[in-house]
Each structure stands twice: as structure tokens, then as C-alpha cells.
Amino acid sequence: QVQLVEAGGGLVQAGGSLRLSCAASGLTFTIYGMGWFRQAPGKVREFVATISQRGAKTHYADFVKGRFTISRDNAEYTVYLEMNSVKPEDTAVYYCAATYCPGYECARITDGQYAYWGQGTQITVSP
């Protein structure tokens with residue numbers, strides 16, 4: 001049974017920093033690309049960042065470039081999202097997700113390509 005468990009959410013002031021983690025189990029972590037998505041109230045879920053199996057490829061949404069950093073620790077089966085200079089518009093539920101990528105490095109931005117999802121963690125950025 002695959003499980004993705006996010007942690008690190010909470011309330012932060014604008015301009016502050018936060019680090020999310022997502023611990024994976026029940027899958028062979030090293031053959032999955034990992035992604036972070038978010039969904040704000042009343043909005044559709046949107047792509048935030050993705051990282052390939054060995055970390056060779058990363059891709060970010062334009063609205064987080066230069067502020068957020070995705071990384072992974074394959075020994076710990078964990079993916080991270082370092083969030084700096086957060087803004088009130090970053091307020092959302094953040095989800096990590098896993099996409100199966102056998103044989104090649106992949107960094108996918110479409111949520112439909114991700115088979116497994118965490119339960120989400122709430123980030124609230126106050127002005």
C-alpha cells in the first residue's frame with residue numbers, strides 16, 4: 001500500500017520560510033518522479049514543482065521560481081519543498097505526488113500523470 005505523508009505545514013508570515021516534507025512508503029522510491037501541487041480555496045489544483053528520480057531534473061511553476069526549491073533524499077524516501085519569501089497568495093493545501101518513471105529521468109508537470117497522492121498539508125501565509 002503506497003502512502004505519501006506530508007508534514008511541515010502551518011501558519012507563516014509573508015516573507016518568511018517554511019519547509020515541507022513528504023515521506024513515501026510502499027513503493028520503490030527511486031523509480032518515481034515526485035511533484036508538489038497546491039490547491040487554494042475555490043481554485044483548481046496547480047503544479048508547483050517536480051523532481052526526477054535522481055534529482056537530475058527539476059521544474060518549477062513560474063510563480064515560485066527563485067523562491068521555492070524541491071529536493072529529495074532517496075535514502076530516506078523523502079521529498080522536500082523549501083519555501084522562501086512566501087506570499088499570501090501561496091496560501092493553499094500543498095500535496096505531494098508520485099509518478100512512475102521506469103528507465104528514464106522524468107519531471108512531470110501534469111497532475112493527471114501522477115498515480116499517488118498525499119493527503120495534503122495546509123499552508124497559510126498572513127500579510
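In what follows, every heavy atom counts, from backbone to side chain, and hydrogens, waters and symmetry copies are set aside. All values derive from a computational prediction rather than experimental measurement.
Aromatic ring pairs are classed by plane angle as parallel below 30°, tilted from 30° to 60° and perpendicular above 60°; the pair F37 and W117 is tilted.
Here Y114 contributes atom OH and M34 contributes atom CE; the two are 8.5 Å apart, rounded to the nearest 0.5 Å. In this structure, L27 CG and Y77 OH are separated by 7.0 Å, a value rounded to the nearest 0.5 Å. Once rounded to the nearest 0.5 Å, the distance linking CG of L18 with CD of Q13 reads 12.5 Å. The CD1 atom of I70 sits 10.5 Å away from atom CG of L20, with the distance rounded to the nearest 0.5 Å. Rounded to the nearest 0.5 Å, atoms CD (Q53) and CG (N74) are 9.0 Å apart. Summarising the geometry, atom CD1 belonging to I123 is positioned 10.0 Å from atom CD belonging to E6; distances are rounded to the nearest 0.5 Å.
Placement of V86 and V48 within a single hydrophobic cluster is found when ILVMFWY residues are connected by side-chain heavy-atom separations under 4.5 Å, directly or transitively. Hydrophobic clustering (side-chain heavy atoms under 4.5 Å, transitive across Ile, Leu, Val, Met, Phe, Trp, Tyr) groups V125 together with V64. Put simply, V79 and V2 are part of the same group of oily side chains (I, L, V, M, F, W, Y) that touch within less than 4.5 Å, one to the next. When hydrophobic clusters are built by joining Ile, Leu, Val, Met, Phe, Trp and Tyr residues whose side-chain heavy atoms come closer than 4.5 Å, directly or via intermediates, L11 is not grouped with V93. Hydrophobic clustering (ILVMFWY, side-chain heavy atoms < 4.5 Å, transitive): Y32 and I109 are in distinct clusters.
The backbone N or O of K57 sits less than 3.5 Å from a side-chain atom of S52, completing a donor-acceptor pair. One N or O on the side chain of R67 and one on the backbone of S85 form a donor-acceptor pair closer than 3.5 Å.
Both the sub-6.0 Å distance and the 45° axial angle are satisfied by R72 relative to the ring of F29.
Of all the heavy atoms in I51 and S71, the pair that sits closest is CD1-CA, 3.7 Å. Heavy-atom minimum distance, Y60 versus A49: CD2-CB, 3.6 Å. Contact between T78 and A23 at its shortest, heavy atoms only, is OG1-CA, 4.1 Å. Taking all atoms of both residues into account, the shortest heavy-atom contact from T91 to A40 is O-CB, 3.6 Å. When all heavy atoms are compared, the tightest approach of P88 to A14 is CD-CB, 4.0 Å.
A ring-ring contact (aromatic ring centres under 6.0 Å, His included) with H59 is found for one member of F47, F68, W36 and no other, namely F47.
Counted by atom type alone, Y100 and T28 present zero donor-acceptor pairs between their side chains at under 3.5 Å. Side-chain contact check for S17 and N84: at least one donor-acceptor pair (N or O, by modelled atom type) lies under 3.5 Å.
Side-chain atoms of V5 and C22, non-hydrogen and from C-beta on, never get closer than 4.5 Å to each other.
Within the structure, every pair that satisfies the salt bridge (charged side-chain N to carboxylate O under 4.0 Å, His left out) test and touches residues 92-114, not counting sequence neighbours, is listed here: R45-D111, R54-E105. Applying the salt bridge (charged side-chain N to carboxylate O under 4.0 Å, His left out) rule to pairs touching residues 11-22 yields R19-E82, sequence neighbours excluded.
Between D62 and K65 there is a salt bridge, since at least one side-chain N of the basic residue sits less than 4.0 Å from a carboxylate O of the acidic one.
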| request: Could you give me the CA-CA distance, side-chain angles and deciding distance for Q39 and E46, then say whether side-chain contact (heavy atoms from CB on, under 4.5 Å) is met? | output: CA-CA 6 Å; Q39 187 167 20; E46 61 184 356; over 6 Å; no
